[in-house]
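Single-structure report; data block below.
Please read these numbers as outputs of a predicted model, since none were measured by experiment. Order of the sequence lines fixes the chain letters, A, B, ..., with proteins taken first and strands second; residue numbering starts at 1 for each chain.
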Amino acid sequence: GQQLNQSPQSMFIQEGEDVSMNCTSSSIFNTWLWYKQDPGEGPVLLIALYKAGELTSNGRLTAQFGITRKDSFLNISASIPSDVGIYFCAGLLPSGGGADGLTFGKGTHLIIQP
Amino acid sequence: NAGVMQNPRHLVRRRGQEARLRCSPMKGHSHVYWYRQLPEEGLKFMVYLQKENIIDESGMPKERFSAEFPKEGPSILRIQQVVRGDSAAYFCASSPGQTQPQHFGDGTRLSIL
C-alpha cells in the first residue's frame with residue numbers, strides 16, 4: 001500500500017520555539033491534510049491543502065502542498081504548551097489511484113519543555 | 001453543531017464474541033470512513049461508505065469484519081469472533097463529499113480479553 005514518511009518522529013523543544021515537520025511520499029496525492037491528536041481523542045483537522053504549491057495558514061500554523069504533489073510541510077511558530085500532541089499528515093490519492101480513504105503518516109510527537 | 005459521534009467510547013469483549021461499533025456522521029455529511037489505529041501508529045483506512053452502499057473496502061480484513069451505513073441510523077462496524085489482535089482504537093470520519101476534508105470522532109477503544 002501507499003506510505004507517507006513523516007519526520008521527525010518526535011521533537012523536544014522549548015516554549016516559544018518554532019517547529020517544522022514534513023511528509024514525503026513516492027506517490028502523488030491530490031489533497032494533503034494535517035491533523036493533531038491529543039491522548040484519548042480523535043484527530044482534529046488543522047489545515048487542508050488542495051493545489052500543488054499552495055501555502056495556507058491557520059493562526060500560528062502554516063502548511064504547504066509541495067510542487068511535486070509528493071510532499072508537504074507544517075510549521076508552527078512561537079510554540080505554546082497547548083501545542084503538545086501528535087501531529088499527523090494525511091493524503092488523499094487521485095480517484096482510481098488506490099484506496100478512497102486517507103493515507104496517514106506515523107505522526108510527529110511534539111513535546112514542549114517549559 | 002454536533003461533531004462525529006461514536007459509541008461506545010470503550011468496549012471490552014472476550015475472544016470469540018462480537019463487537020459492534022457505531023458512528024453517527026456530522027449533520028449534512030453522507031460519506032463515512034472507518035479507520036483503525038494501533039498504539040504509536042497512524043490511522044489505517046478500512047472502509048468507505050455512503051448511504052446504503054459500500055464504496056471501497058480495500059482496507060478491511062476479508063473475514064470477520066463488516067460495515068454498513070443504512071438509510072436510517074448510524075454506520076456500524078461489526079467484528080465477529082474477535083481475537084486479541086483486534087484490540088485497537090477504531091475511528092470513524094465523515095465528510096460532505098469524497099474530496100472534502102474528513103472530520104473524525106473520538107473513537108472506540110476495543111479491548112479483547
Calculate, to the nearest 0.5 Å, the distance between atoms CG and CD belonging to A:Leu92 and B:Gln102 respectively.
-> 7.0 Å
Indicate, with yes or no, if the rings of B:Phe104 and A:Tyr35 have centres closer together than 6.0 Å.
-> yes
Does B:Tyr48 belong to the same Ile/Leu/Val/Met/Phe/Trp/Tyr cluster as B:Tyr90, with side-chain heavy atoms less than 4.5 Å apart forming each link?
-> no
Max heavy-atom pair count under 4.5 Å with chain A, selected residue of B:Gly105, B:Pro101, B:Cys92, B:Ala93 = B:Pro101
Given the options A:Gln37, A:His109, A:Gln6, which has more heavy-atom pairs under 4.5 Å with chain B than any of the others?
-> A:Gln37
Distance from B:His103 atom NE2 to A:Leu45 atom CG, nearest 0.5 Å?
-> 5.5 Å
Is it the backbone or the side chain of B:Gln37 that comes under 4.5 Å from a heavy atom of chain A, or both, or neither?
-> side chain
For atom CD of A:Glu17, is the number of surrounding heavy atoms from other residues, nucleotides or ligands below 6.0 Å larger than 12?
-> yes
Nearest-0.5 Å distance that lies between atom CG in A:Asp38 and atom CG in B:Asp106 = 10.0 Å
Check the surroundings of atom CD in A:Gln14: do more than 12 heavy atoms from other residues, nucleotides or ligands lie under 6.0 Å from it?
-> yes
Does atom NZ of A:Lys51 have more than 12 heavy-atom neighbours, drawn from other residues, nucleotides or ligands, at distances under 6.0 Å?
-> no
Should we count CD of A:Gln9 as having more than 12 external heavy atoms under 6.0 Å?
-> no
If you draw a 6.0 Å radius around CZ in A:Arg60, do more than 12 non-hydrogen atoms from other residues or ligands fall strictly inside?
-> yes
Considering only heavy atoms and a distance below 4.5 Å, find which of A:Gly40, A:Cys89, A:Ala48 pairs most often with chain B.
-> A:Gly40
Side-chain contact, heavy-atom cut-off 4.5 Å: A:Pro43 with B:Tyr35?
-> no
Kindly work out whether a path of hydrophobic side-chain contacts (I/L/V/M/F/W/Y, heavy atoms less than 4.5 Å apart) joins B:Trp34 to B:Val4.
-> no
